[in-house]
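See below for the structure under consideration.
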Amino acid sequence: MQKKEELNYISIENSAANAKIALQGAHIFDFKIKGKKRLLYLSDTSLFKKGKAIRGGIPICWPWFGANEEDNTLPNHGFARTSLWKHESTKNISDVETKVRLILESTPETHTLWPFDFRLTLDVYIGEELKLVLTSKNLDRKPFSHSFALHTYFKIDDIYKMTIDGLEGKEFYNKCNNTYNNIQNDNIDFTQEVDRVYQRVDNNVMIRDKEQNIVIKTEGTDSIVVWNPGKELCSRMSDLGDYRTFVCVESANVLDDVVTLATNESYTLTLTISQKI
Ligand code: TA6
C-alpha cells in the first residue's frame, strides 16, 4: 500500500502494464501499457484529500449521476467516489494480466445519503487492455433505482485536433442547453463546452488522437456521456488543469438506461479500453 497526500493506493505492475488505484473511490488514477502512451488524464492540480474526488482517472459515479434529483445538497455524482472501499484481493491471472477486486458496502453513513443496503464490487483487469467490471447488488428488502457511470478522463494531445468515432447519427441530450432529441452530425465541435448524453450507442466508440486510437467497448448500457468543459468553465475549476489535454467519454447508466434492482438482484456495467497505435 502506498500513499499520495492523504490517500492510500494500490500499485500494480506486470509484464504488460502498470496501474494505480486509490482505495478512496476504487479510483484508478494511472494506467500505462508498456510501450504505449499513458491512457488516463490526471490533473496536475488534483487534490488527493479525503472526501474530495480525484480529478482525472476513472471516477465511479454511483448511486446517482450528476445532481441528486431529490436533494441537490447531496454530493454531485453520488458518494461512491469519495468513500473508502475495501481492497478484497489481487490475483495474477498470468504474467500479463492482474485482477484487483474492491468492494463498497452500505454503512450507517451511506444510509444518511441513500437509504438502501447494497454491495458494489469493482473488478479491475490490468493487462494489454484495461477492463472494469462494476456490479451493483441490492441487499435491501425493498427495490432501488440508481444511475451510475465510469467517468473516464482520457489523456489526449489536443481537444481541437481529436475526433470521436461511433456517435454519428446518434440522438443526444445536450446538458448545456437542456435540449433532447438532438442528432450528432459530423464531428463534435469542442470549441465550446460539450456535455452530452448520447443514447442507443450499441457500438464501440473510438477516440482518434494524434498518435493513437483509443477503443472504448461498453457492455451494460447504451448511453455514452461526452464532456469537455471548454476554456471558460475550466478556468473556473481550480483542480481541472488543461482542458485541451483531456476528454471525458463515460459509460453511463443514465436516462433510458437507469437500472432498478429488486432484492438480491445484481447488475453489471463493463468497460474495456484498448489503445491502437
Ligand atoms: O460528466 C459530465 C459532468 O456531469 C459535467 O456536468 C461536470 O459536472 C462533470 O461531470 C464533472 O463533475 P464533478 O462533480 O466531477 O466536478
Side-chain angles (χ1 to χ4, degrees), residues 7 22 24-29 40-69 71-83 113-114 132 134 146-156 159 162 164 167 170 172-180 182 184 188-190 192-199 201 205 207 214 216 218 221-258 269 271 273:
L7 300 186
Q24 175 177 277
H27 195 136
I28 305 169
F29 63 91
L40 304 174
Y41 173 79
L42 178 65
S43 168
D44 293 341
T45 53
S46 176
L47 300 174
F48 278 72
K49 292 180 82 66
K50 287 180 182 167
K52 170 75 177 153
I54 296 167
R55 182 64 74 184
I58 309 180
I60 296 174
C61 305
W62 194 97
W64 60 83
F65 182 83
N68 182 289
E69 289 171 2
D71 176 357
N72 62 14
T73 65
L74 292 172
N76 200 43
H77 288 325
F79 53 79
R81 65 176 179 167
T82 51
S83 296
L113 299 168
W114 196 61
L132 285 76
L134 182 71
H146 61 324
S147 55
F148 46 101
L150 296 169
H151 190 302
T152 311
Y153 284 74
F154 290 97
K155 185 175 174 55
I156 57 170
I159 193 73
M162 178 275 314
I164 301 176
L167 300 174
K170 301 295 183 187
F172 66 90
Y173 163 65
N174 186 342
K175 186 177 172 186
C176 293
N177 59 17
N178 194 26
T179 57
Y180 290 83
N182 302 282
Q184 183 60 47
I188 300 173
D189 172 12
F190 284 102
Q192 303 295 324
E193 179 186 1
V194 170
D195 194 348
R196 301 174 177 181
V197 182
Y198 289 86
Q199 301 211 273
V201 182
V205 170
I207 295 170
I214 301 170
I216 301 158
T218 298
T221 184
D222 287 345
S223 294
I224 298 292
V225 175
V226 175
W227 179 61
N228 181 275
K231 185 175 184 177
E232 199 275 324
L233 175 58
C234 192
S235 67
R236 289 190 273 117
M237 295 174 77
S238 62
D239 67 345
L240 209 40
D242 180 355
Y243 75 99
R244 290 188 61 160
T245 62
F246 74 86
V247 65
C248 289
V249 180
E250 308 159 33
S251 306
N253 281 88
V254 296
L255 298 181
D256 298 349
D257 289 309
V258 165
L269 171 63
L271 167 64
I273 307 168

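Counting starts at 1 for both ligands and their atoms, in listed order.
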Under a strict 4.0 Å criterion on non-hydrogen atoms, which protein residues are in contact with ligand 1?
Arg55, Phe65, Asn76, His77, Arg81, His151, Lys175, Asp195, Val225, Trp227, Met237, Glu250
Please confirm whether the backbone N or O of Arg55 pairs with a side-chain atom of Ser46, one donor and one acceptor, at under 3.5 Å?
yes
Using the ring pair (Phe, Tyr, Trp, His ring centres under 6.0 Å) criterion, which residues pair with Phe48? Sequence neighbours excluded.
Phe29
Listed by chain and number, what are the ring pair (Phe, Tyr, Trp, His ring centres under 6.0 Å) partners of Phe246, not counting sequence neighbours?
Tyr41, Tyr153
For the pair Phe79 and Trp62, name the ring-plane relationship: parallel under 30°, tilted 30 to 60°, perpendicular over 60°.
perpendicular
Examine distances only and state if a side-chain atom of His27 and a backbone atom of Gly56 form a donor-acceptor pair shorter than 3.5 Å.
yes
Taken in chain and number order and not counting sequence neighbours, the residues that satisfy side-chain hydrogen bond (donor to acceptor under 3.5 Å, both in side chains) with Asn68 are none
